[in-house]
Chemist: 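Let me give you the structure first, and then I'll get to my questions.
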Amino acid sequence: MSEQAPGSTAEQPWPVRVVNQKIGAWIGKLGWVWVDGQVAQITRRPGAQVVFLTLRDPSADLSLTVTTNRDVLDAGAPNLSEGARVTLHAKPEFYPGRGTLSLRADEIRQVGLGELLARIERVKRLLAAEGLFDPRRKRRPPFLPAKVGLVTGRASAAERDVLAGARRRWPSVQFRVINVAVQGPTAVPQLLDAIEVLDRDPDTDVIILARGGGSVEDLLPFSDEALCRAVFACRTPVISAIGHETDTPLVDFVADVRASTPTDAAKRVVPDLAEEQQRIAQARARLDRAVRGLIDREQHRLDAVRSRPVLARPEVMVDTRAAEVTALRERAARCLANRLDRGHDALSHTVARLRALSPAATLQRGYAIVQRPADGAVLREPGEVRPGDALRLRLAGGELAATVAE
């Protein structure tokens, strides 16, 4: 189609039929191609040689109509049924009148179990090489989730097992259940949509993918590459509970936790209330024993401290110290008395010596001291005075005045 406005002289717009013809011519250049998909619908008209198939992409909401001859279908896939995987050799055809695209197949092969397993193994090696199975990136689901997201088939045994098992273990657990197709051509798109919805829900703490047992073909959607990548990209932890213990779809390797069965998923998603109550009771009993043991040890230690003499009879220490103080006081008194006696004796001896050497004692023995009255000088020589000089005589009983005679 031209980008020029209608009526422009530079280039005239194309009619729709011309556009369809050109699209048909371009598609016709594609030639024959091999196409892989899942049969969503088979239409066989009685008496007609043309069979119509609806081929669906298992990982996307896309489908194409395939026309083929009854003989081609009976030769390549005589027992073909809806949901089967096929590989067909076809040529794309565009019908200008209706503007539709379809495939005209001249060979159809139903994919067998061996081919399916080989494809799954190739996808497994690819995802493992990219690190989608790395145990280090797996997250541990919360101990007690506020809400559990459950993706499973409608009214299925897997849904009953998960709900009943989880509520038996923890009666107040909350679920958000999204029912989807768990096999067939619509399973993968519905699973992808359900996972996206639950992963966006802020109240959902963990997601469970649950399905009962089945054949490899029935479990094929859970080995789809797009589903594995969606589970890997989830911010919410994912628990895979697909089939039985022996069933190992690829989503089991990508999920954060693999449960062997839906019942096992119920055991893993919530704790058992009775067990937790028993554990709490046991923990409380251990705590009580530990506290009682600690109190007993401290009581024994306190009793041992209190039984010591210093605390059992504290007055003994006071009496002992009082006796020591009394003894020290008596000793001090004796020492002081001795010191005073020795001092008194020494003083008495000193006084006696002083008195013996004192001039007053000499005067007592009859001696006198002659002094000049003027200056009080003591006279020792007769030549120190002249006749007529006044003298003062100091005696033991007092003083006398005298004059020097010739």
Chemist: Any side-chain heavy atom of Leu250 within less than 4.5 Å of one from Val254?
Modeler: no
Chemist: Are more than 12 heavy atoms from other residues, nucleotides or ligands located less than 6.0 Å from atom CH2 of Trp26?
Modeler: no
Chemist: Looking at CG of Leu73 and OG1 of Thr68, how far apart are the two atoms once the value is rounded to the nearest 0.5 Å?
Modeler: 6.5 Å
Chemist: Taking all non-hydrogen atoms of both residues into account, name the closest pair between Gly212 and Leu219 and its distance.
Modeler: O-CD2, 3.9 Å
Chemist: Could you walk me through whether Thr236 and Asp205 pass the side chain to side chain contact (heavy atoms under 4.5 Å, CB included) test, one step at a time?
Modeler: CA-CA 6 Å; Thr236 308; Asp205 293 334; 5.7 Å; no
Chemist: For Arg392 and Gln371, does a side-chain donor sit closer than 3.5 Å to a side-chain acceptor?
Modeler: yes
Chemist: Measure across Pro262 and Val162 and return the closest heavy-atom pair with its distance rounded to 0.1 Å.
Modeler: O-CG2, 3.5 Å
Chemist: Can you give me the closest heavy-atom contact between Asp256 and Lys138, atom names plus distance?
Modeler: OD1-CA, 3.4 Å
Chemist: If we only count heavy atoms from C-beta on, is the Thr87 to Val35 side-chain gap below 4.5 Å?
Modeler: no
Chemist: With heavy-atom distances below 4.5 Å as the criterion, would you say the side chains of Leu163 and Arg167 are in contact?
Modeler: yes
Chemist: For Arg154, is the CZ atom crowded, meaning more than 12 foreign heavy atoms sit under 6.0 Å from it?
Modeler: no
Chemist: Between the main-chain N or O of Arg137 and the side-chain N or O of Asp134, is there a donor-acceptor pair closer than 3.5 Å?
Modeler: no
Chemist: Is there a side-chain contact between Leu150 and Ile207 (heavy atoms, below 4.5 Å)?
Modeler: no
Chemist: How about Ser223 and Lys124: do any of their side-chain heavy atoms sit closer than 4.5 Å?
Modeler: no
Chemist: Could you tell me which non-hydrogen atom of Glu130 sits nearest to which non-hydrogen atom of Arg229, and how far apart they are?
Modeler: OE1-NH1, 2.7 Å
Chemist: How many angstroms lie between CG in Leu88 and CG in Leu53, if you round to the nearest 0.5 Å?
Modeler: 7.5 Å
Chemist: Can Asp264 and Arg268 be counted as an ion pair, charged N to O under 4.0 angstrom?
Modeler: yes
Chemist: What's the verdict on salt bridge (Lys or Arg N to Asp or Glu O under 4.0 Å) for Arg342 and Asp345, showing C-alpha distance, side-chain angles and the deciding distance?
Modeler: CA-CA 5 Å; Arg342 289 196 300 270; Asp345 293 342; over 6 Å; no
Chemist: Compare every heavy atom of Leu393 with every heavy atom of Ala402, then report the nearest pair and how far apart it is.
Modeler: CB-CD1, 4.1 Å
Chemist: Ignoring hydrogens, what is the shortest heavy-atom contact between Gly31 and Pro92? Give both atom names and the distance.
Modeler: O-CD, 3.2 Å
Chemist: Do the side chains of Ile242 and Leu209 get nearer than 4.5 Å, heavy atoms only?
Modeler: yes
Chemist: Using 0.5 Å steps for rounding, measure from the CD atom of Glu324 to the CZ atom of Arg331.
Modeler: 12.5 Å
Chemist: Can you list the steps and then say if Leu103 with Thr67 is a side chain to side chain contact (heavy atoms under 4.5 Å, CB included)?
Modeler: CA-CA 6 Å; Leu103 299 175; Thr67 59; over 6 Å; no
Chemist: Taking distance alone, no hydrogens or angles, what donor-acceptor pairs closer than 3.5 Å link side-chain atoms of residues 169-183 to residues at least two apart or in another chain?
Modeler:
unit_1 : atom_1 : unit_2 : atom_2 : d
Arg169 : NE     : Val270 : O      : 3.2
Arg169 : NH2    : Lys267 : O      : 3.3
Arg169 : NH2    : Val270 : O      : 3.3
Trp170 : NE1    : Ser172 : OG     : 3.0
Gln174 : NE2    : Ser172 : O      : 3.4
Arg176 : NH1    : Asp201 : OD2    : 3.0
Asn179 : ND2    : Gly153 : O      : 3.3
Asn179 : ND2    : Glu159 : OE1    : 3.2
Gln183 : OE1    : Arg211 : NH2    : 2.3

Chemist: Could you tell me whether the side chain of Arg258 and the main chain of Val251 form a donor-acceptor pair under 3.5 Å?
Modeler: no
Chemist: Before giving the answer on side chain to side chain contact (heavy atoms under 4.5 Å, CB included), spell out for Gln277 and Asp272 the whole-Å C-alpha distance, their side-chain angles and the decisive distance to 0.1 Å.
Modeler: CA-CA 9 Å; Gln277 290 175 339; Asp272 185 86; over 6 Å; no
Chemist: Identify whether the distance between the nearest side-chain nitrogen and carboxylate oxygen of Arg200 and Glu196 falls below 4.0 Å.
Modeler: yes
Chemist: I'd like to know whether Phe133 forms a side chain to side chain contact (heavy atoms under 4.5 Å, CB included) with Leu127, so could you lay out the CA-CA distance, the side-chain angles of the two residues, the decisive distance to 0.1 Å, and finally the verdict.
Modeler: CA-CA 7 Å; Phe133 301 165; Leu127 298 181; 3.8 Å; yes
Chemist: Rounded to the nearest 0.5 Å, what separation is found between the CZ atom of Arg292 and the CZ atom of Arg297?
Modeler: 12.5 Å
Chemist: For a 4.5 angstrom cut-off between non-hydrogen side-chain atoms, does Thr261 reach Asp161?
Modeler: no
Chemist: Looking at CZ of Arg334 and CG of Asp341, how far apart are the two atoms once the value is rounded to the nearest 0.5 Å?
Modeler: 13.5 Å
Chemist: Counting C-beta onward and ignoring hydrogens, is there a side-chain heavy-atom pair between Cys234 and Ile195 closer than 4.5 Å?
Modeler: yes
Chemist: In plain terms, say whether Lys91 and Glu93 are close enough for a salt bridge, that is, a side-chain N and a carboxylate O under 4.0 Å apart.
Modeler: no
Chemist: Any chance you could measure Asp224, atom CG, to Gln38, atom CD, to the nearest 0.5 Å?
Modeler: 9.5 Å
Chemist: In terms of the angle between their ring planes, are His89 and Trp32 parallel, tilted or perpendicular, with boundaries placed at 30° and 60°?
Modeler: parallel
